[in-house]
Q: 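Supplied in structure tokens, the structure appears directly below.
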Amino acid sequence: MVNEKVHQLLNDQINKELYSAYLYLDFSNYFKAAGLDGFANWYYIQAQEERDHAMLFYTYLQNENMPVTLEAIAKPDKVLDSHMTVLKAGLEHEIYVTSLINDIYAAAYYARDFRTMQFLDWFVKEQGEEETNANDLITKMELFGSDAKGLYMLNQELAARVYSAPSLVL
């Protein structure tokens with residue numbers, strides 16, 4: 001049986017992951033409007049990943065016979081006024097999501113909820129990858145983004161990203 005506080009945090013995380021998907025769709029819209037289809041693709045795929053993360057939390061709660069309460073998803077409120085602003089907002093958001101996962105993990109640890117801790121292990125690793133990817137985008141933009149040819153090549157690199165569903169088995 002999942003501890004009440006852990007249950008609430010897991011349920012809240014569903015909403016947070018769906019918000020992340022909305023946020024990344026907003027980023028994708030920004031880049032599409034800017035004519036950077038590769039960047040738009042990268043964030044569109046990012047949105048798909050976040051949606052699937054929400055579904056993993058949803059399925060986990062259902063498998064544990066815990067009710068799921070769906071809440072309204074907030075509209076993204078970031079002011080997207082430059083390419084770098086978007087990339088930095090992405091990193092900031094991933095750091096925030098990492099803190100949320102860590103909070104759930106800490107609550108599960110305190111409650112001695114080892115099954116939830118094991119479930120969250122994948123997300124802990126995933127968040128490390130997400131922060132690295134967001135940081136790498138910023139670094140590449142700093143290196144190449146001010147040069148039209150460099151930006152074009154970076155855009156082409158990001159256009160090659162394909163969606164791969166999470167491999168976590170519940």
Q: Assess whether a salt bridge exists between Lys16 and Glu94, defined as any Lys/Arg side-chain N lying under 4.0 Å from an Asp/Glu carboxylate O.
A: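 Not counted as a salt bridge, because no side-chain N and carboxylate O are separated by less than 4.0 Å.
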
Q: CH2/Trp122 to CG/Leu56 distance, rounded to the nearest 0.5 angstrom?
A: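 Going from the CH2 atom of Trp122 to the CG atom of Leu56 covers 6.0 Å.
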
Q: Side-chain heavy atoms under 4.5 angstrom apart, residues restricted to Ile, Leu, Val, Met, Phe, Trp, Tyr: same cluster for Met55 and Val68?
A: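 Yes.
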
Q: Between Leu143 and Met141, is there shared hydrophobic-cluster membership here, with clusters defined by ILVMFWY side-chain heavy atoms closer than 4.5 Å?
A: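 Unlinked, Leu143 and Met141 end up in two clusters.
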
Q: Quick check: closest heavy atoms across Ser28 and Ala40, and the distance to 0.1 Å?
A: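 For Ser28 and Ala40, the tightest heavy-atom pair comes out as OG-O, 2.8 Å.
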
Q: For residues His7 and Asn3, determine if any side-chain heavy atom of one lies less than 4.5 Å from a side-chain heavy atom of the other.
A: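 No; the side chains remain at least 4.5 Å from each other.
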
Q: So, Asn11 side chain and Thr69 main chain: donor-acceptor pair closer than 3.5 Å or not?
A: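 Yes; judged by distance alone, with no hydrogens or angles, the pair exists.
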
Q: From Leu91 CG over to Glu130 CD, what is the distance, rounded to the nearest 0.5 angstrom?
A: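 Here the rounded value is 11.0 Å.
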
Q: Among side-chain atoms of Gln13 and Glu17, is any donor-acceptor pair under 3.5 angstrom?
A: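 Yes, side-chain donor-acceptor contact under 3.5 Å.
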
Q: For the pair Tyr60 (side chain) and Thr116 (backbone), establish whether a donor and an acceptor sit closer than 3.5 Å, ignoring hydrogens and angles.
A: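 Here the side-chain-to-backbone pair exists.
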
Q: Is it true that atom CD of Glu4 has more than 12 heavy atoms of other residues, nucleotides or ligands lying nearer than 6.0 Å?
A: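 Atom CD in Glu4 is not crowded, with 12 or fewer foreign heavy atoms closer than 6.0 Å.
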
Q: Verify, without hydrogens or angle tests, whether Asn41 (side chain) and Leu158 (backbone) share a donor-acceptor contact under 3.5 angstrom.
A: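 Yes, the answer is positive, given that a donor and an acceptor are paired below the 3.5 Å cut-off.
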
Q: Begin with the C-alpha distance, continue with both residues' side-chain angles, and end with the deciding distance and a verdict on side-chain contact (heavy atoms from CB on, under 4.5 Å) for Leu120 and Phe57.
A: CA-CA 9 Å; Leu120 291 171; Phe57 282 99; 3.8 Å; yes

Q: Who clusters with Leu25? Use side-chain heavy atoms, under 4.5 angstrom, across I, L, V, M, F, W and Y, and order the result by chain and number.
A: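 Besides Leu25, the cluster holds Tyr44.
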
Q: So how far is it from Ser20 OG to Arg51 CZ, rounded to the nearest 0.5 Å?
A: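 Reported to 0.5 Å precision, the distance equals 13.0 Å.
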
Q: Check this for me, if you would: do Lys32 and Asp37 make a salt bridge, where the nitrogen-to-carboxylate-oxygen distance has to be below 4.0 angstrom?
A: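 Salt bridge between Lys32 and Asp37, a charged N being under 4.0 Å from a carboxylate O: yes.
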
Q: With sequence neighbours excluded, tell me which residues meet ring-ring contact (aromatic ring centres under 6.0 Å, His included) with Phe39.
A: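 Phe39: ring-ring contact (aromatic ring centres under 6.0 Å, His included) contacts with Phe31.
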
Q: How far apart are the closest heavy atoms of Ala54 and Ile14, and which atoms are they?
A: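 Closest heavy-atom pair between Ala54 and Ile14: CB-O, 3.7 Å.
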
Q: Over all heavy atoms of both residues, which pair between Ala107 and Leu9 is shortest? Give the atoms and the distance, please.
A: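 Minimum heavy-atom contact is CB-CD1, 3.7 Å.
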
Q: Going by atom types only, do Asp121 and Tyr105 share a side-chain donor-acceptor pair under 3.5 Å?
A: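 Asp121 vs Tyr105: donor-acceptor pair found between side chains.
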
Q: Quick one: are Tyr30 and Tyr43 in side-chain contact, heavy atoms under 4.5 Å?
A: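 Of all side-chain heavy-atom pairs linking Tyr43 with Tyr30, none is under 4.5 Å.
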
Q: State yes or no: do Tyr152 and Leu36 share one hydrophobic cluster built from I, L, V, M, F, W and Y residues joined by side-chain heavy-atom distances below 4.5 Å, directly or via other members?
A: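 In one cluster with Tyr152: Leu36, no.
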
Q: Taking C-beta and beyond as the side chain, do Leu70 and Asn15 meet within less than 4.5 Å on heavy atoms?
A: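 Of all side-chain heavy-atom pairs linking Asn15 with Leu70, none is under 4.5 Å.
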
Q: Determine whether Leu137 and Asn133 make a side-chain contact, defined as any pair of heavy atoms from C-beta on separated by less than 4.5 Å.
A: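 Sidechains of Asn133 and Leu137: no contact.
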
Q: Among Glu126, Glu131, His93, exactly one meets side chain to side chain donor-acceptor pair (under 3.5 Å) together with Thr98. Which residue is that?
A: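 One option only clears the test, and that one is Glu131.
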
Q: Contact between Arg115 and Asp113 at the side-chain level, heavy atoms closer than 4.5 Å - yes or no?
A: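 They are in side-chain contact.
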
Q: Starting at CZ of Phe119, measure out to CG of Asn63 and round the result to the nearest 0.5 Å.
A: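 These two atoms lie 9.5 Å from each other.
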
Q: For a 4.5 angstrom cut-off between non-hydrogen side-chain atoms, does Ile138 reach Lys88?
A: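 Yes, close enough: below the 4.5 Å cut-off.
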
Q: So, taking the atom named CZ in Phe144 and the one named OG1 in Thr139, what distance separates them when rounded to the nearest 0.5 Å?
A: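 If we round to the nearest 0.5 Å, Phe144:CZ and Thr139:OG1 are 10.0 Å apart.
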
Q: Using every non-hydrogen atom in the two residues, find where Thr85 and Val79 come nearest and quote the distance to one decimal.
A: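 Where Thr85 meets Val79 most closely, the heavy atoms are CG2-O, 3.4 Å.
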
Q: Assess whether a salt bridge exists between Lys78 and Glu92, defined as any Lys/Arg side-chain N lying under 4.0 Å from an Asp/Glu carboxylate O.
A: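 Answer for the salt bridge query: yes.
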
Q: Please determine whether residues Phe114 and Val6 belong to a single hydrophobic cluster, defined as Ile, Leu, Val, Met, Phe, Trp and Tyr linked transitively by side-chain heavy-atom distances below 4.5 Å.
A: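 Yes, one cluster joins them.
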
Q: Could you state the interatomic distance from CG (Asp12) to CG (Asp103), rounded to the nearest 0.5 Å?
A: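 Here the rounded value is 11.0 Å.
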
Q: Which class fits the ring pair Tyr24 and Phe27: parallel under 30°, tilted 30 to 60°, perpendicular over 60°?
A: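 Rings of Tyr24 and Phe27: perpendicular, as their planes differ by over 60°.
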
Q: Before you tell me yes or no, could you show the steps for Tyr22 and Leu18 under side-chain contact (heavy atoms from CB on, under 4.5 Å), namely the whole-Å CA-CA distance, both residues' side-chain angles and the distance that decides it to 0.1 Å?
A: CA-CA 6 Å; Tyr22 269 35; Leu18 291 171; 5.7 Å; no

Q: May I ask you to check whether over 12 heavy atoms, not counting those of Met153, lie within 6.0 Å of atom CE?
A: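 Incorrect, the count does not exceed 12.
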
Q: So, do Asp81 and Val86 sit near enough that their side-chain heavy atoms are less than 4.5 Å apart?
A: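 Asp81 does not reach Val86 side chain to side chain.
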
Q: Hey, are the side chains of Trp42 and Glu157 touching, using non-hydrogen atoms and a 4.5 Å cut-off?
A: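 Of all side-chain heavy-atom pairs linking Glu157 with Trp42, none is under 4.5 Å.
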
Q: Are Met117 and Tyr110 in one and the same hydrophobic cluster, where Ile, Leu, Val, Met, Phe, Trp and Tyr link if side-chain heavy atoms are under 4.5 Å apart?
A: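 Shared cluster, no.
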
